[in-house]
Amino acid sequence: MDMRGYQRYREESLNTMTQGELLLLLYDELVKRLRQADLEMGKQNYENFEKAVDRAVEIIHYLSDTLDHRYPISGNLSRLYEYFCYELIRVKAGRNQEELMRVTRMVSELRDSFRQAEKTSGEH
């Protein structure tokens, strides 16, 4: 399959996903970037560590920007996303691996909650 065919396949896959599936895809990428940051910090590859943290923050900003504020939970999620960004900026500045792992656990738990909600909504 050539690159154009692959690109078309990816676009079609994304276009047929539900909002819940797209949200989970973003969370999976976010967790992946946080884990990548942890690995890079462990290797003392600070340039790649910072790139991974920056990408994680970009994903969180996107999640925040796409919240539907008609729902009360959006305010809570917005504050949580703000907190994640604040902590990740601190993690990046201080290269604090323990704090990075704490944020990663929190994001993973939130992702798992959304995954469970997606499963539950699919059963109805």
Side-chain angles (χ1 to χ4, degrees):
M1 183 183 300
D2 65 21
M3 284 306 289
R4 285 179 304 206
Y6 175 72
Q7 185 66 27
R8 193 169 34 252
Y9 169 77
R10 278 188 54 205
E11 288 173 9
E12 288 175 15
S13 294
L14 289 173
N15 290 335
T16 59
M17 289 181 144
T18 66
Q19 284 185 333
E21 290 169 333
L22 287 169
L23 180 67
L24 290 174
L25 190 66
L26 281 167
Y27 269 100
D28 287 342
E29 185 65 20
L30 175 56
V31 170
K32 175 182 154 187
R33 296 300 175 140
L34 293 172
R35 289 184 177 151
Q36 180 184 13
D38 180 52
L39 289 172
E40 297 297 343
M41 189 188 314
K43 292 190 269 184
Q44 296 183 349
N45 186 340
Y46 298 119
E47 183 179 342
N48 287 343
F49 157 73
E50 290 179 4
K51 285 179 185 177
V53 171
D54 289 343
R55 185 66 182 121
V57 169
E58 288 173 10
I59 293 169
I60 295 167
H61 282 183
Y62 179 80
L63 288 167
S64 181
D65 290 346
T66 58
L67 284 172
D68 186 344
H69 290 281
R70 291 180 293 174
Y71 302 100
I73 194 168
S74 295
N76 294 336
L77 285 170
S78 181
R79 285 187 291 283
L80 192 55
Y81 293 153
E82 253 180 66
Y83 172 75
F84 289 157
C85 287
Y86 172 77
E87 289 300 317
L88 288 174
I89 289 167
R90 290 182 57 222
V91 161
K92 185 176 160 186
R95 297 180 179 157
N96 184 333
Q97 200 161 20
E98 187 176 312
E99 188 61 25
L100 175 60
M101 293 311 300
R102 194 172 74 75
V103 171
T104 302
R105 279 192 303 276
M106 292 173 69
V107 168
S108 294
E109 289 172 9
L110 188 57
R111 177 197 57 191
D112 294 345
S113 295
F114 279 117
R115 181 168 282 126
Q116 187 59 42
E118 176 71 6
K119 274 187 201 175
T120 303
S121 71
E123 293 173 2
H124 296 289

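In this chain, numbering begins with 1 at the start of the sequence shown. On a predicted model such as this, the values are computed, not experimentally measured, just so you know.
Between the side chain of S108 and the backbone N or O of T104, at least one donor-acceptor pair lies under 3.5 Å. A donor-acceptor pair under 3.5 Å is absent between the side-chain atoms of R90 and the main chain of Y86, judged by distance alone. The closest donor-acceptor contact from the side chain of S113 to the backbone of E109 lies under 3.5 Å.
Using a 4.0 Å cut-off between charged side-chain N and carboxylate O, R55 and E58 make a salt bridge.
Contact check for R95 versus E50: side-chain heavy atoms found under the 4.5 Å cut-off. The closest side-chain heavy-atom distance from L34 to V53 is not below 4.5 Å. At least one side-chain heavy atom of H61 sits under 4.5 Å from a side-chain heavy atom of C85. The side-chain heavy atoms of L110 and Y81, taken from C-beta on, include a pair separated by under 4.5 Å.
Rounding to the nearest 0.5 angstrom, the gap separating the CG atom in D68 from the CG atom in L77 is 11.5 Å. Distance CG/D54 to CD1/I59: 11.5 Å, rounded to 0.5 Å. Here the CG atom belonging to L23 is positioned 6.5 Å from the CG atom belonging to L63, to the nearest 0.5 angstrom. A distance of 11.5 Å separates CG of L25 from CZ of R111, quoted to the nearest 0.5 Å.
With sequence neighbours excluded, the residues satisfying side-chain contact (heavy atoms from CB on, under 4.5 Å) with M106 are L80, Y83, F84, R102. Partners of Y27 by ring-ring contact (aromatic ring centres under 6.0 Å, His included), not counting sequence neighbours, listed by chain and number: F114.
Pairs passing the ring-ring contact (aromatic ring centres under 6.0 Å, His included) check and including a residue from residues 33-58, sequence neighbours excluded, do not occur.
The local environment of CD1 in I73 is sparse, with at most 12 non-hydrogen atoms from other residues, nucleotides or ligands closer than 6.0 Å.
Residues G42 and Q97 share a closest heavy-atom pair of N-NE2, 4.0 Å.
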